[in-house]
Amino acid sequence: MKAPLKIGIAGLGTVGGGTVRLLQERSAALALNAGRAIKIAAVSARKKKAKRAVAVGKYRWVADPLKLATDPGIDVVVELIGGAEGVARKLCEKAIANRKHVITANKALIAHHGTALARAAEKAGVSLRYEAAVAGGIPIIKSLREGLAANGIRRVYGILNGTCNYILSAMTDQGREFSDVLKECQKLGYAEADPSLDVDGIDTAHKLAILASVAFGCEINFGAVHVEGIRHVSLMDMTFARELGYRIKLLGIASVSKRGLEQRVHPCMVPESSPIAHVGGSFNAVVAEGDFVDTIVQEGRGSGAGPTASAVVADLLDIARGSQVPTFTVPATKLKKIKPVPMARHYGAYYVRLMVVDRPGVFADVAAALRDHSVSMESVLQRTRDPGEPVPVVMTLHETEEASMVRALRKIAATEAVVEPPRMIRIESL
Ligand code: HSE
């Protein structure tokens with residue numbers, strides 16, 4: 001057997017603790033798979049004496065995580081600290097500069113600096129691996145980079161944030177309010193330390209930007225992702241969605257066409273018949289569409305100690321075996337720059353809900369605004385009213401350019417009988 005692969009782990013929270021436990025419990029099977037042992041040579045975390053789910057006392061403790069980057073007894077630095085900047089970034093850059101392989105679960109870091117880090121790693125002849133950064137336990141990076149590498153990928157999309165999916169599922173199935181379910185997610189440990197990263201769609205956007213790069217062989221362009229979260233999704237819209245044969249999900253969707261690269265994160269109405277409509281609770285799912293393979297769907301746990309450790313250790317096994325593949329499907333110096341398609345140029349169908357005063361002529365004004373902006377109505381429904389109360393009017397609109405829809409909505413919002421800002425949710429044909 002070859003010499004053991006020696007690793008230094010920085011960060012012993014949920015992911016770090018899970019990784020240590022997996023390496024302890026499955027060391028013999030892992031050694032067989034890799035053809036060599038994987039040994040924890042050193043660990044580092046903010047507090048030495050914290051309460052942890054695994055015992056780390058037998059490992060060499062390094063107080064300053066940056067020291068792992070220059071430690072001659074370490075082949076691989078496993079960065080599980082988090083954050084796009086600060087110690088996490090410095091540690092990865094320094095480790096690569098010192099010709100150490102790097103594994104990270106840090107989606108923000110890869111979304112912001114992945115292209116530069118990949119260039120540095122490939123130049124230094126070391127691996128940069130980040131399977132745990134996207135959809136936790138689902139091996140979607142390996143699938144796209146290796147299993148599906150023979151395909152031209154046209155579109156990749158998915159439920160990439162367990163917290164949002166848990167909230168939307170509980171709202172749909174149990175009729176509970178957003179804030180109530182968010183508190184439960186925080187208790188269950190799905191949510192990020194700052195839950196706005198989850199509910200405002202940023203976490204999904206980080207993951208989507210990474211997926212797009214691996215799927216299309218392009219430079220990561222996080223700044224070009226259109227991002228909307230789920231705070232404005234109401235129980236009333238969920239009820240109407242169901243009536244129309246849809247479910248509301250927060251999706252990240254990336255596609256390439258002659259027009260360029262579209263990357264968007266927002267609540268979507270998805271047909272009840274689509275596989276993604278039935279991904280419930282904190283689960284994630286990713287769908288890839290390739291020109292030869294057609295459509296593949298993967299579903300699994302996107303967070304938690306076990307699933308993320310599974311992804312980190314899969315990366316470790318690859319490195320232990322000496323596997324060498326480009327960080328993002330093609331060599332980092334050959335990644336394409338694909339022109340982003342702005343959201344105003346997005347072409348799709350829409351759900352719109354208005355709250356209106358029920359009196360003659362209101363609908364004529366709404367229809368005129370749609371006509372003036374060439375937006376074509378597919379269906380409309382109005383619910384019974386309590387006398388004197390505004391009533392909901394729900395419309396679905398045929399495919400149109402987003403800029404036209406936005407202009408029409410602006411005009412509709414300015415109509416006197418429309419008493420609340422219109423709610424718009426995009427309808428996806430999946
Ligand atoms: N907060 C994330 C989620 C954890 O809810 O999916 C995994 O990135």
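Each ligand, and each atom within it, is numbered from 1 in the order the structure gives. Since we're looking at a predicted model, the values are computed, not measured.
Contact annotation: for Asp198 versus ligand 1, heavy atoms closer than 4.0 Å belong to the side chain alone.
Geometrically, ligand 1 and Asn284 share no nitrogen or oxygen pair separated by less than 3.5 Å. Polar contact check, Lys107 against ligand 1: a nitrogen or oxygen pair lies under 3.5 Å apart. For ligand 1, the polar-atom distance check against Gly162 finds a nitrogen or oxygen pair separated by under 3.5 Å.
Side-chain atoms of Ser143 and Gln298 form a donor-acceptor pair, as typed in the model, at a separation below 3.5 Å.
Using a distance-only test at 3.5 Å, with no hydrogens or angles considered, no donor-acceptor pair links the side chain of Asn284 to the main chain of Gly158. Looking at Thr115, its side chain does come within 3.5 Å of a backbone N or O of Ile220 through a donor-acceptor pair.
Tyr130 has its ring centre less than 6.0 Å from the ring centre of Phe328.
We find that Glu262 and Lys339 are not joined by a salt bridge, their nearest charged nitrogen and carboxylate oxygen being 4.0 Å or further apart.
If you number the atoms of ligand 1 from 1 as listed, the ones under 4.0 Å from a heavy atom of Gly302 come out as 7 (C). The ligand atoms of ligand 1 that sit less than 4.0 angstrom from a heavy atom of Ser303 are 4 (C), 7 (C).
Atom 4 (C) of ligand 1 has its closest protein heavy atom at Glu192 OE2, 3.3 Å. Looking only at heavy atoms of the protein, atom 5 (O) of ligand 1 is closest to Thr163 OG1, 2.7 Å.
Annotation: Arg99, atom CZ; neighbour count of heavy atoms from other residues, nucleotides and ligands within 6.0 Å does not exceed 12.
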